[in-house]
2 protein chains.
Amino acid sequence: MTGPNPMSTLGVTMSCKGVSSGKMRNELEVSGNWDHGDPWTLATDEGAFHGGEDSAPPPLALFAAGLTGCFMTQVRAFAKKMRVSVEHISVEAEFEWQAEMHANEPYVASPVGFTLDIEIDSQSSLENLRELIDAAKKGCFLEQTLVRANAIKHRLKVGSGWIDV
Amino acid sequence: MTGPNPMSTLGVTMSCKGVSSGKMRNELEVSGNWDHGDPWTLATDEGAFHGGEDSAPPPLALFAAGLTGCFMTQVRAFAKKMRVSVEHISVEAEFEWQAEMHANEPYVASPVGFTLDIEIDSQSSLENLRELIDAAKKGCFLEQTLVRANAIKHRLKVGSGWIDV
């Protein structure tokens, strides 16, 4: 017997195997924890100024496309659920960081600001669009990751074991 | 005249233009604030269970590849600067989220945990590898974004103007 407002939790995991290939290129194979056929194969590279050969987008381009695409996907997925009209959506997103360099030491990176400018062709009211965007913010896995501080665990293989680093 | 430890700041901006195309597909064009030729063109889609046609990786796959690639790139870039030997690097990363669903309402997403398992072929000492990984964490734009809480600004086009949403 379920109550009037049953709650369920869905776990979503992405696994990524990356290997270095060219000067700065990485080959990346990504799988989700659901039945989706072959892993997705992606690559990153850098321009010559960063020692690379420009053979693939830089990692930050994948991030920018991933976050923008995630938000747009949730708007469209939730539009159906919330019965809000979305004929077409376009987003112009800007992601700004800075790197601080002291003399010749490795630089230290930090985020500066993130903006999503959204255009929606819709027959629905502004109030309904606001509700839809609010739901998409809350349902977007990547936006919800960015708005809180996350711990990232790193382990290094040493011999046949792993140590925390 | 510069002091003994001159500091400089470099600004890095990625701009992404996304438009909806197929059922759940998005076309994404990304540019950086430096001279790199054509924008990088990427796409996202979803599987049939999420209303898509599986014509491109899901947004979370781009994110996973971007973060893994960013960290790997900084390890290799800083290895040269810090004179640490890195013959080859591979990383197995896992990104875990959950979505909470109450009845038929739009779900609410949250991050659960992120892990990077790193293997480096190196002639250098463990101490040098630890220092290198520490520098890569601090220099990785995406890791430094994830470890703090970020505000994301959203604006919606209404008529010929923009409103905060």
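Proteins come first, then strands; the chains are lettered A, B, ... in the order of their sequence lines, and each starts at number 1. Note that these values count all heavy atoms, side chains included, but never hydrogens, waters or copies made by symmetry.
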Roughly how far, to the nearest 0.5 Å, is the [atom2] atom of [Y] from the [atom1] atom of [X]?
{"X": "B:T9", "Y": "A:H102", "atom1": "OG1", "atom2": "NE2", "answer": "8.0 Å"}
{"X": "A:R155", "Y": "B:L116", "atom1": "CZ", "atom2": "CG", "answer": "11.0 Å"}
{"X": "B:H36", "Y": "A:H50", "atom1": "NE2", "atom2": "NE2", "answer": "14.5 Å"}
{"X": "A:N150", "Y": "B:L146", "atom1": "CG", "atom2": "CG", "answer": "5.0 Å"}
{"X": "B:S110", "Y": "A:R148", "atom1": "OG", "atom2": "CZ", "answer": "5.5 Å"}
{"X": "B:M72", "Y": "A:L28", "atom1": "CE", "atom2": "CG", "answer": "6.5 Å"}

Is it the side chain or the backbone of [X] that comes within 4.5 Å of chain A heavy atoms, both, or neither?
{"X": "B:T41", "value": "neither"}
{"X": "B:L60", "value": "both"}
{"X": "B:A43", "value": "neither"}
{"X": "B:T13", "value": "both"}
{"X": "B:Q74", "value": "side chain"}

Could you walk me through whether A:L126 and B:V158 pass the side-chain contact (heavy atoms from CB on, under 4.5 Å) check? CA-CA 8 Å; A:L126 176 57; B:V158 177; 3.9 Å; yes
Side chains of [X] and [Y] in contact at under 4.5 Å (non-hydrogen atoms):
{"X": "A:P111", "Y": "B:F141", "value": "no"}
{"X": "B:T73", "Y": "A:E46", "value": "yes"}
{"X": "A:D117", "Y": "B:W162", "value": "yes"}
{"X": "B:Y107", "Y": "A:F78", "value": "yes"}

Side chain / backbone / both / neither for [X] at chain B, heavy atoms under 4.5 Å:
{"X": "A:L42", "value": "side chain"}
{"X": "A:V30", "value": "side chain"}
{"X": "A:D164", "value": "backbone"}
{"X": "A:A151", "value": "backbone"}
{"X": "A:A56", "value": "backbone"}
{"X": "A:K17", "value": "both"}
{"X": "A:S90", "value": "both"}

Evaluate B:H154 against A:D134 for side-chain contact (heavy atoms from CB on, under 4.5 Å), listing each step before the verdict. CA-CA 10 Å; B:H154 302 73; A:D134 197 48; over 6 Å; no
Please check: side-chain N/O of A:S20 versus main-chain N/O of B:I89, any donor-acceptor pairing under 3.5 Å?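 At least one qualifying donor-acceptor pair exists.
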B:R76 side chain to A:K23 main-chain N or O, any donor-acceptor pair under 3.5 Å? yes
Would B:M14 and A:F63 count as a side-chain contact (heavy atoms from CB on, under 4.5 Å) if you check the C-alpha gap in whole Å, the side-chain angles of each, and the deciding distance to 0.1 Å? CA-CA 9 Å; B:M14 300 298 279; A:F63 168 80; over 6 Å; no
